[in-house]
Amino acid sequence: SCQMDQSTNEPLINYLDLTSKKPWQVFPRAPIFPLLWGATLSLWGRDQSSEQNSCFSETHPVFHPSQSSTYEEVGNRFSIQYGTGSLTGIIGADQVSVEGLTVEGQQFGESVKEPGQTFVNAEFDGILGLGYPSLAAGGVTPVFDNMMAQNLVDLPIFSVYLSSDPQGSSDSELTFGGYDPSHFSGTLNWIPVTKQGYWQIALDRILVGNTVMFCYEGCQAIVDTGTSLLNGPSHKIKELQEAIGATPMDGEYAVNCANLNTMPNVTFLINGVSYTLSPNAYILQDLVDGMQFCSSGFQGLDIPPPAGPLWILGDVFIRQFYAVFDRGNNQVGLAPTVP
Amino acid sequence: AVHRVPLRRHQSVRKKLRAQGLLSDFWKSQNLDMIQFTE
C-alpha cells in the first residue's frame, strides 16, 4: 500500500556534508535533532517498528507515541527515496515544540523501516522541512505553514544565518517570524520566487573571475539550507572544477591549498546584484592526518526536467549571504553575512 | 518579536570518513563514483 516514488534515482548524498542541527522536541520526549531540509517533517525512529534497523535505537532517540496524551495517529503511509537509502513510515500528529514555539496538531512522518545505513549513520534524527507545502512528503502541512496559521509568528518570514566559523561552536541561527539585521550588512536584496516548491529563483549569469562562464541566458536555482555544497548541472560543474583548478583525488575534487590566493572568484548575478564567493568561501578546508586538505565546494547534480536543471545555492552560499525566506510576498532576501 | 533557534555545527559524515581514510570505501560501498558522477 506504500506509494513509492519511482521518479528518480539520483544518488542524493547531501547529508554527507550536513553540519547544522537544531534541537526539536515532539511532546513529551527528549530533544531530537533534525536536519533542515525540503518540506518534510520526519522522525527516524518509532517504537512499534519490528522492521527497524537494530542499530537504530543506539544512534537515535526512539519515538514512543503511546507515551503522549496528545498524539494522534493519522495513518497515511509515506515513503522517501534517497540515493543511498530510503525510509517508509506512517503519518502521525502531535505537538511539536521548537525553542518554545509549540505547534499544535503538527503532522509528521514516523519512520518505520529504513533499509541500509544511511539514516543510522546520519547524526540528525529527522528532517524539518522549510519549503512550500507542494514539496511535503505525505501531503502534510509543513511546520512553518502551521506556525503562520496558528499565529505563532508575527510575520510570515523565516531567516537563516550560518556562521563561517569552521569550529562552528557559535551562533548560527534559524529565526522564525522575521530577520535579524545584525547578521548582515547593507540592505536585503529581494528576489522573486519563480516556482513555489523549493525556494526557487532566477539566476541572471554565473561568472568565473570576470568572465561569464555559465547561465548566459539565465537559469533557475534554489536557495536550500538542506544542501551543503553548491550544486549545478554535472557538465557545467566539471567545467567549473577545471576553471578553479580542482582535480579528482580519492573520489572527490580537491585543490592545492597553497593555490587559494590565485584562484578566481565565482560570482552569481541574481536580479541584477552580484553575489561573489571567494576561494576561501567555496573551498572546504579540513585537516587529514595533520595535513591541510582543500576540497571543492562545488558538486555536480543533474536534476531532470521538468523540475530541473537547477543550480542549488546550499550552505556554501548561505554562509556568505544571509538568507530571508518571505512566504508573505514569495521572495527571498539576500545580503552579505556579517562574520 | 522573532523566535531564535540556535543551530549547532557538527563535523560532517564526509569529514569523519575522510579523516578515517574510509571515504573511498564509502563511495564503493554505495556504488558511487563521484568523479564519474560529476562527469
Side-chain angles (χ1 to χ4, degrees), chain A residues 11 13 15-24 33 36 83-84 98-101 117 121-123 147 152-155 159-163 165-169 171-180 228 234-235 237-238 241 248 250-253 284 286-289 293 295 299-301, chain B:
Chain A
I13 53 150
Y15 71 94
L16 270 184
D17 297 293
L18 168 77
T19 55
S20 296
K21 301 197 296 182
K22 53 177 291 309
W24 170 34
F33 294 88
L36 311 175
T84 56
V98 184
E99 285 290 319
L101 266 185
Q117 291 292 308
N121 292 337
E123 279 197 27
M147 285 184 179
L152 299 177
V153 288
D154 290 342
L155 295 173
S159 315
V160 176
Y161 165 69
L162 296 182
S163 166
D165 175 10
Q167 300 308 313
S169 58
D171 58 36
S172 293
E173 188 174 79
L174 167 67
T175 303
F176 289 123
Y179 56 85
D180 183 346
S228 309
S234 58
H235 61 291
I237 291 295
K238 185 186 177 193
Q241 306 283 29
D250 288 335
E252 49 186 350
Y253 276 94
L284 309 178
D286 192 14
L287 280 178
V288 178
D289 292 333
F293 180 78
S295 60
Q299 183 167 271
L301 180 68
Chain B
V2 296
H3 303 270
R4 300 171 186 276
V5 181
L7 303 174
R8 293 192 311 184
R9 188 169 185 177
H10 290 244
Q11 192 176 41
S12 71
V13 176
R14 184 196 295 264
K15 282 190 175 183
K16 287 180 182 173
L17 290 171
R18 187 190 291 138
Q20 295 166 20
L22 296 174
L23 194 53
S24 295
D25 291 341
F26 175 81
W27 300 134
K28 287 175 190 167
S29 71
Q30 300 294 330
N31 292 319
L32 292 173
D33 180 340
M34 292 308 294
I35 302 301
Q36 184 65 36
F37 172 59
T38 297
E39 291 175 354

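Each chain gets a letter, A, B and so on, in the order the sequences are listed, and its residues count up from 1. We use all heavy atoms of the structure for the numbers below, so side chains are in, but hydrogens, waters and symmetry mates are not. Keep in mind that this is a model prediction, so the values were computed, not measured.
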> With sequence neighbours left out, what residues match A:D154 under salt bridge (Lys or Arg N to Asp or Glu O under 4.0 Å)?
Replying inline: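 Salt bridge (Lys or Arg N to Asp or Glu O under 4.0 Å) check on A:D154 returns nothing, list empty.
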Interchain contact, [X] with chain B, by part (heavy-atom threshold 4.5 Å):
X      : result
A:L155 : neither
A:S159 : neither
A:Y179 : backbone

> Which atoms form the tightest heavy-atom contact between B:L7 and A:L162, and what is the distance?
Replying inline: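 Distance-wise, the nearest heavy atoms are CD1-CD2, 3.9 Å.
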>> Do the side chains of A:D180 and B:R4 get close enough for a salt bridge, i.e. N-O under 4.0 angstrom?
In response: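 Yes, this pair counts.
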>> Just so I know, are the side chains of B:R18 and A:E252 near enough to count as touching, which here means a heavy-atom distance under 4.5 Å?
In response: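 Yes; the side chains approach each other to less than 4.5 Å.
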